[in-house]
Amino acid sequence: MDKIRLENVTYRYDVGTPFEQTALEDVTLSIEAGKITGIIGHTGSGKSTMMKLLNGLDSPTEGKVYLDGACINATKKEWLAQGLEDEKYKDLPKNAKKKAILKDYADFHKNLCFRVGLVMQYPEYQLFEETVAKDIAFGPRNMGLSEEEIAKRVKEAAAFTGVSEDLFEKSPFDLSGGQKRRVALSGVIAMRPEVLVLDEPAAGLDPRGRNNVFESIVDYRNKTGSTIVIVSHSMEDMAKYCDRVVVMNHAKVAMVGERKEVFAHVRELAGMGLDIPEITRLAELLLAKGLPLTDAIYTVEEAREALLAVWKGGGDK
Amino acid sequence: MRGMTLGQYYPGTSPIHRLDPRAKIILGILAIVCSFLCKTLFSFCLLEALVLLLVILSGIPPKLLIRALRPVLFILLFTSLVNIFMTRGKNLLFEYGIFHIYEEGLWNALFMILRITSLILMTSIFLTYTTTPIALTDGLEQLLSPLKKLHIPVHDFAMMITIAMRFIPTLAEETERIMNAQRARGVNFSTGGLIKRVRSLIPILIPLFVSAFNRAFDLANAMECRCYHGGEGRTRLKVLRYNVWDFVAILLLIGVGVGLVFANRLTFGGSIL
Ligand SMILES: Nc1ncnc2c1ncn2[C@@H]1O[C@H](COP(=O)(O)OP(=O)(O)O)[C@@H](O)[C@H]1O
Ligand SMILES: [Mg+2]
């Protein structure tokens with residue numbers, strides 16, 4: 001099932017000025033429900049631009065974006081025209097029908113950013129409240145939830161990302177970089193989005209910080225069944241955590257597929273300015289030395305299993 | 001957004017683009033003088049020919065140039081109305097109650113419009129459209145450097161302006177990023193009453209100020225680490241050098257000014273023509 005679908009999406013910056021630039025060109029893409037989709041590509045390939053289009057922060061210059069089959073860039077008129085054909089409103093009298101459709105339009109757009117939660121690049125710059133707890137509560141409060149529900153969500157989101165409750169009354173500006181990042185992530189998770197979109201969530205963090213962030217994202221997916229989109233330029237992280245991978249290259253989609261399918265083209269990816277995971281390089285070196293490693297290896301875990309298999313198989317060594 | 005770094009700068013390699021920024025500042029001043037020298041229709045014709053020549057030489061799309069005139073539209077309208085109704089002359093064309101329109105008034109209004117538009121077009125061509133703001137500040141600093149003898153901190157002012165200009169696009173980008181981040185958390189900037197809208201600015205202004213201060217501290221540290229201590233004895237990476245064409249251009253424009261003075265003396269029949 002497609003959760004999000006982009007159809008022939010083109011996006012241009014500074015249209016009509018000498019600086020006009022195409023950041024996305026005729027991109028057609030499906031994001032599958034309940035999966036973790038990784039978007040990789042070199043810097044400037046249009047990843048961040050695409051993320052802005054997924055929750056309606058910006059509209060494509062051309063083309064359409066659909067969430068669960070509903071077009072998020074439809075004008076009121078288009079929406080109305082489509083609604084009049086829709087089975088859902090069939091039984092209503094004409095006047096009420098129009099009203100109901102327009103109400104759904106308004107609700108859809110109001111809830112869009114809560115349904116598709118976007119964690120921007122370096123999200124710690126969005127923190128502003130006096131305390132950590134208040135900052136995490138900002139999104140849920142904008143949703144109009146009850147205080148009780150808000151408190152529940154703040155706790156839940158903090159638990160997902162590993163923000164300890166001792167920090168709740170601290171100022172977000174007094175935290176370390178990694179802690180700030182996790183608070184900012186919690187602020188979006190607290191809205192319980194059906195789709196969680198993260199733009200370079202681990203950029204600038206130390207290895208442990210990176211793992212923590214990715215693991216809380218996987219945890220969130222496993223517990224809620226949400227759809228996840230992660231942007232990164234690190235093949236290593238993508239290999240570890242993603243089900244599906246989309247490769248962006250110069251404003252276009254260069255490859256889409258299951259992780260294994262895409263990573264089988266590791267050399268081509270390197271040609272697009274992406275780093276091959278260290279462990280893959282090691283495996284290639286070992287292969288060259290005559291070690292019978294069969295499957296392509298992209299994570300340390302896979303390497304361990306392959307090496308153990310070799311060790312057990314060739315017992316005489 | 002990238003456009004903002006450069007203000008109205010229109011990238012290009014035209015002969016005007018290649019002039020030295022100091023020369024262009026002088027040329028801009030001369031252009032202003034020239035447009036005030038004109039007094040007769042004939043000299044205005046010469047001035048407009050000069051404007052046309054500059055437009056063609058600079059290679060800037062006329063559409064962009066017209067945009068430069070938009071802000072003064074109101075002033076143009078206002079001054080021409082004042083000129084039309086307030087000028088007293090010999091040749092009364094129209095009279096109604098307290099309103100008198102004289103021929104001289106119409107001419108004055110026309111001259112005023114021509115003067116202001118050519119003044120703006122020429123200075124924009126010399127300065128804003130073909131010179132980056134940074135080059136302009138550099139040029140200004142050098143031109144004003146004799147004032148250092150009078151203990152006027154020319155370098156410091158120039159540095160302040162340069163830094164401010166350098167950070168305008170950065171701050172704008174940052175504002176946009178923070179606005180997007182808060183919109184993603186459900187802030188709505190465009191609906192609601194005045195109080196609600198003002199309140200919705202808080203989540204933007206606080207992170208913006210925090211990062212602006214951090215940036216300022218970082219910059220100050222970085223400058224200190226590189227031993228910046230004001231303009232005294234500082235050498236430059238990009239040294240401005242006049243070339244022959246700079247002098248030629250300045251001399252030509254002075255020539256045009258002198259020509260205009262003589263053109264004013266020429267009369268064809270009427271006193272204004
Ligand atoms: N606000 C902007 N204004 C103008 N151009 C932009 C802006 N943001 C990004 N771009 C340009 O669009 C292209 C894609 O950028 P982006 O989507 O940020 O790439 P990525 O996230 O993959 O690094 C780049 O060439 C970039 O220079
Ligand atoms: Mg990016």
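So you know, we letter chains A, B, ... as the sequences are listed, proteins then strands, and number each from 1. Because the structure is a prediction, the values reported are computed rather than measured.
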- [ ] Kindly assign one of parallel, tilted or perpendicular to the pair A/W79 and A/F108, based on the angle between their ring planes and the thresholds 30° and 60°.
- [x] tilted

Task: salt_bridge(A/E149, A/R153) N-O dist < 4.0 Å - done: yes

Task: Heavy-atom contact with chain A under 4.5 Å, split by part of B/V210 - done: side chain

TODO: Indicate the ring-plane relationship of B/F247 and B/Y242, choosing parallel, tilted or perpendicular according to the 30° and 60° boundaries.
DONE: tilted

- [ ] Could you tell me whether A/D135 and B/R185 make a salt bridge, using a distance below 4.0 angstrom between a side-chain N and a carboxylate O?
- [x] yes

TODO: Give me the ring orientation class for B/F78 and B/F74: parallel if the planes are under 30° apart, tilted from 30 to 60°, perpendicular past 60°.
DONE: parallel

Task: A/L57 versus chain B, the contacting section by heavy-atom distance below 4.5 Å - done: both

TODO: Could you tell me which portion of A/K110 (side chain, backbone, both or neither) has an atom closer than 4.5 angstrom to a non-hydrogen atom of chain B?
DONE: neither

TODO: Using a cut-off of under 4.5 Å on heavy-atom pairs, state which of B/V187, B/I178, B/L64 scores highest against chain A.
DONE: B/V187

- [ ] Go through the atoms of A/Y13 and report whether side chain, backbone, both or neither lie under 4.5 Å from a heavy atom of chain B.
- [x] neither

- [ ] Report the option among B/P207, B/S211, B/P61, B/P203 that has the most heavy-atom pairs separated by less than 4.5 Å from atoms of chain A.
- [x] B/P203

